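Below, read A as the first sequence line, B as the second, and so on, with proteins coming before strands; counting in each chain starts at 1. Predicted, not measured: the structure shown is a model, and the values here were computed from it.
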Amino acid sequence: MGVKITELVSATRRTPSIMDLANKRLAIDAFNWLYSFLAPIRLTDGSMLQDDQGLATSHLSGFFFRNIYLLENRIKPVYVFDGKPSELKRETVAKRAEARQEANKRAEEAKEEGAVEEARKYSEAGAHIEKHMIPECKRLFELMGIPYVEAPSEGEAQAAHLVNKNDVYTAVSQDYDCFLFGARSLLRNLTQQKVRRIQGKEYRIEMESYDLQGVLKHLGISHAQLVDLGILIGTDFNPGIKGVGQKTALRYVKEYGSIENVIDKKPDLAQHLPMDLVDRVRKVFLEPDVTDDYEMVERPFDPEGLVEFLCKEKSFSEERVNKRIATLQRELKKASQQSLDSFLSS
DNA sequence: GTTGGTAG
DNA sequence: CTACCAACG
């Protein structure tokens with residue numbers, strides 16, 4: 001879910017075009033995107049797409065088509081996988097697992113009653129990563145020539161580390177947690193940009209880019225204070241204080257400077273926020289568990305291997321897969337010809 | 001989420 | 001060419 005600071009950062013939002021990302025390397029939070037595929041990529045009744053052995057394939061569909069789109073635009077993705085979750089996250093993880101199980105139970109009931117829309121709604125809420133999906137995603141990335149990095153712990157922390165080392169141009173995730181981990185820049189909504197018109201007005205889900213310096217300047221606080229603000233609202237590592245949202249948290253942090261001072265002035269908050277927990281969560285964000293032990297190996301794009309994997313093993317339509325690979329290769333050829341032309345004429 | 005066919 | 005919608009595995 002991530003820390004809820006949408007309202008606080010919205011004023012600093014920029015909306016780049018996909019062309020701005022050409023030839024840029026991007027660190028993508030793999031689990032974040034994986035979840036984002038599992039809810040919507042389903043049949044009408046809410047069941048997942050699956051191979052002939054009954055294993056879900058929605059993750060492969062999502063990543064395959066999304067990656068083709070990125071490569072077509074000459075974007076260089078690097079996926080970052082989560083490692084071992086922090087001990088502090090255990091409660092959050094357990095709570096979410098429970099909510100998903102509950103949703104899946106309701107989905108089953110709805111399916112039995114023939115309530116298709118209900119079934120779909122609850123199935124989406126019950127979406128969860130299955131064990132087999134992660135090695136399958138990695139295999140897909142290898143076949144598409146896309147490197148990936150294993151984070152020691154949080155993927156977002158490692159992605160932030162890659163940006164701050166200038167190994168990538170930006171971190172990509174729907175969550176703002178990257179900022180708590182100190183990422184210089186964050187990109188959201190990296191999907192195909194489609195316009196829809198309602199009563200003559202154009203609406204689209206635009207890409208959003210933010211930079212940490214801009215956010216901090218706008219809010220008038222430091223990075224450490226942003227972390228405290230997050231802790232007051234609640235993060236994946238602590239529940240936050242009931243009744244304290246983004247506006248209030250910002251006011252507290254600006255007025256009192258730190259959580260210690262907030263608690264000093266409002267002692268009744270202390271029971272919701274023990275200082276030993278605060279210090280542990282601060283450490284998660286300010287001294288993140290990251291590694292320099294990675295390499296971003298770019299392999300060749302392997303069309304035959306992709307067809308073998310997706311179509312032969314995972315029941316994808318050969319026509320659809322081949323078609324998309326063909327248009328990608330056509331686009332890349334066109335792009336390289338254009339850059340050669342402009343080189344020769346300059 | 002993305003594709004691709006169909007209707008306007 | 002756009003809008004809409006079923007299908008995708």
Side-chain angles (χ1 to χ4, degrees), chain A residues 18 21 26 28-73 75 77 79 107 111 114-137 139-141 143-144 146 172-175 187-208 301 303 305-332:
Chain A
I18 192 70
L21 301 172
L26 313 182
I28 302 166
D29 179 349
F31 273 52
N32 185 265
W33 275 20
L34 180 47
Y35 273 115
S36 79
F37 293 138
L38 297 183
I41 306 181
R42 285 164 186 270
L43 303 181
T44 331
D45 70 352
S47 58
M48 313 263 280
L49 307 190
Q50 50 189 286
D51 63 16
D52 58 11
Q53 301 186 59
L55 286 175
T57 56
S58 298
H59 56 305
L60 296 172
S61 177
F63 275 119
F64 172 71
F65 291 113
R66 181 72 65 77
N67 283 339
I68 295 273
Y69 171 70
L70 299 181
L71 297 175
E72 234 167 30
N73 286 282
I75 290 167
Y79 283 97
K111 220 176 262 184
V116 180
E117 276 181 34
E118 288 268 299
R120 166 124 199 173
K121 192 178 79 183
Y122 288 119
S123 298
E124 289 195 11
H128 58 280
I129 294 177
E130 291 160 19
K131 197 101 187 171
H132 64 95
M133 292 176 174
I134 292 155
E136 285 169 354
C137 287
R139 171 132 179 247
L140 179 76
F141 299 160
L143 291 167
M144 299 187 86
I146 297 171
V172 182
S173 176
Q174 292 305 100
D175 291 347
L187 182 71
R188 302 181 72 238
N189 301 341
L190 176 49
T191 62
Q192 291 194 32
Q193 302 293 294
K194 50 187 178 217
V195 191
R196 57 183 311 132
R197 263 181 271 280
I198 299 166
Q199 297 179 339
K201 277 184 185 160
E202 284 191 358
Y203 292 93
R204 70 186 87 196
I205 299 175
E206 288 179 306
M207 273 194 287
E208 303 173 358
F301 185 92
L306 275 171
V307 171
E308 173 66 32
F309 178 43
L310 293 178
C311 306
K312 301 289 189 318
E313 289 179 41
K314 290 289 163 188
S315 312
F316 279 60
S317 143
E318 206 159 326
E319 192 191 351
R320 275 166 99 99
V321 169
N322 276 326
K323 205 165 176 174
R324 208 61 191 83
I325 291 173
T327 55
L328 165 65
Q329 292 182 323
R330 187 152 32 81
E331 286 299 312
L332 290 181

Item to complete: Show your working on salt bridge (Lys or Arg N to Asp or Glu O under 4.0 Å) between A:Glu136 and A:Arg139 and close with a plain yes or no.
Response: CA-CA 5 Å; A:Glu136 285 169 354; A:Arg139 171 132 179 247; over 6 Å; no
Worksheet item: With side chains defined as the heavy atoms from C-beta onward, is the minimum distance between A:Phe301 and A:Leu332 less than 4.5 Å?
Response: no
Worksheet item: When Watson-Crick pairs (N1 to N3 and N6-O4 or O6-N4) and G-U wobble pairs (N1-O2 and O6-N3) count only below 3.5 Å on both distances, what is the dot-bracket string of DNA chain C, with | for other-strand pairs?
Response: ||||||||.
Worksheet, complete the sentence: First and last nt of DNA chain B near chain A, cut-off under 4.0 Å to heavy atoms, 5' to 3', are B:dG1 to B:dG4
Worksheet item: Between A:Gln192 and A:Arg66, is any pair of side-chain heavy atoms under 4.5 Å apart?
Response: no
Practice prompt. Evaluate the side-chain proximity of A:Thr57 to A:Ser315: yes if any heavy-atom separation is below 4.5 Å, no if none is.
Written response: no
Item to complete: Enumerate the residues from residues 115-126 of chain A whose closest heavy atom to DNA chain C is under 4.0 Å, giving them by residue number; use none for an empty result.
Response: none
Practice prompt. Calculate, to the nearest 0.5 Å, the distance between atoms CD and CG belonging to A:Glu331 and A:Leu71 respectively.
Written response: 12.0 Å
Worksheet item: With sugar-phosphate meaning primed atoms plus P, OP1 and OP2, does A:Ser317 contact a base, only sugar-phosphate, or nothing at under 4.0 Å between heavy atoms?
Response: sugar-phosphate
Item to complete: Could you state the atom-to-atom distance from CZ of A:Phe65 to C1' of C:dG9 in whole Å?
Response: 11 Å
Worksheet item: Tell me, which of residues 32-44 of chain A have any heavy atom that sits under 4.0 Å from an atom in DNA chain C?
Response: A:Arg42, A:Leu43
Worksheet item: Can you tell me how far the NZ atom of A:Lys314 sits from the CG atom of A:Asp52, to the nearest 0.5 Å?
Response: 8.5 Å
Discussion item. From CG of A:Asp45 over to P of C:dC8, roughly how many Å is that when rounded to an integer?
Written reply: 12 Å
Practice prompt. Assess whether atom CD1 of A:Ile205 is packed by more than 12 heavy atoms of other residues, nucleotides or ligands within 6.0 Å.
Written response: no
Worksheet item: Would you call A:Leu49 and A:Ser58 a side-chain contact if the rule is heavy atoms closer than 4.5 Å?
Response: yes
Fill in: Rounded interatomic separation in angstrom, taking CD from A:Glu136 and C1' from C:dG9
12 Å
Discussion item. Using a 4.0 Å heavy-atom cut-off, does A:Gln50 contact any base of the nucleic acid, only the sugar-phosphate backbone, or nothing at all?
Written reply: base
Fill in: Side chain proximity check, A:Leu190 to A:Leu21, heavy atoms < 4.5 angstrom
yes
Discussion item. Quick one, A:Ile41 and A:Met48 - any side-chain contact, counting heavy atoms below 4.5 Å?
Written reply: no
Discussion item. Give the residues of residues 319-327 of chain A touching DNA chain B, defined as any heavy atom closer than 4.0 Å, sorted by residue number.
Written reply: A:Arg320, A:Lys323, A:Arg324
Worksheet item: Going by heavy atoms in the side chains, are A:His132 and A:Gln53 under 4.5 Å from each other?
Response: no
Item to complete: Decide yes or no for A:His128 and A:Leu38: does some side-chain heavy atom of the first lie under 4.5 Å from some side-chain heavy atom of the second?
Response: no
Discussion item. Side chains of A:Asp175 and A:Ser173 only: does a donor on one sit below 3.5 Å from an acceptor on the other?
Written reply: no
Item to complete: Sequence neighbours left out, what passes ring pair (Phe, Tyr, Trp, His ring centres under 6.0 Å) with A:Phe64? Give chain and number order.
Response: none
Discussion item. Looking only at side-chain N and O atoms, does A:Tyr79 offer a donor or acceptor that is under 3.5 Å from a partner on A:Asn67?
Written reply: yes
Worksheet item: Tell me: CZ of A:Phe64 to C1' of C:dG9, nearest whole Å?
Response: 14 Å
Discussion item. Between A:Arg120 and A:Glu117, does any NZ, NE, NH1 or NH2 come within less than 4.0 Å of an OD or OE carboxylate oxygen?
Written reply: no
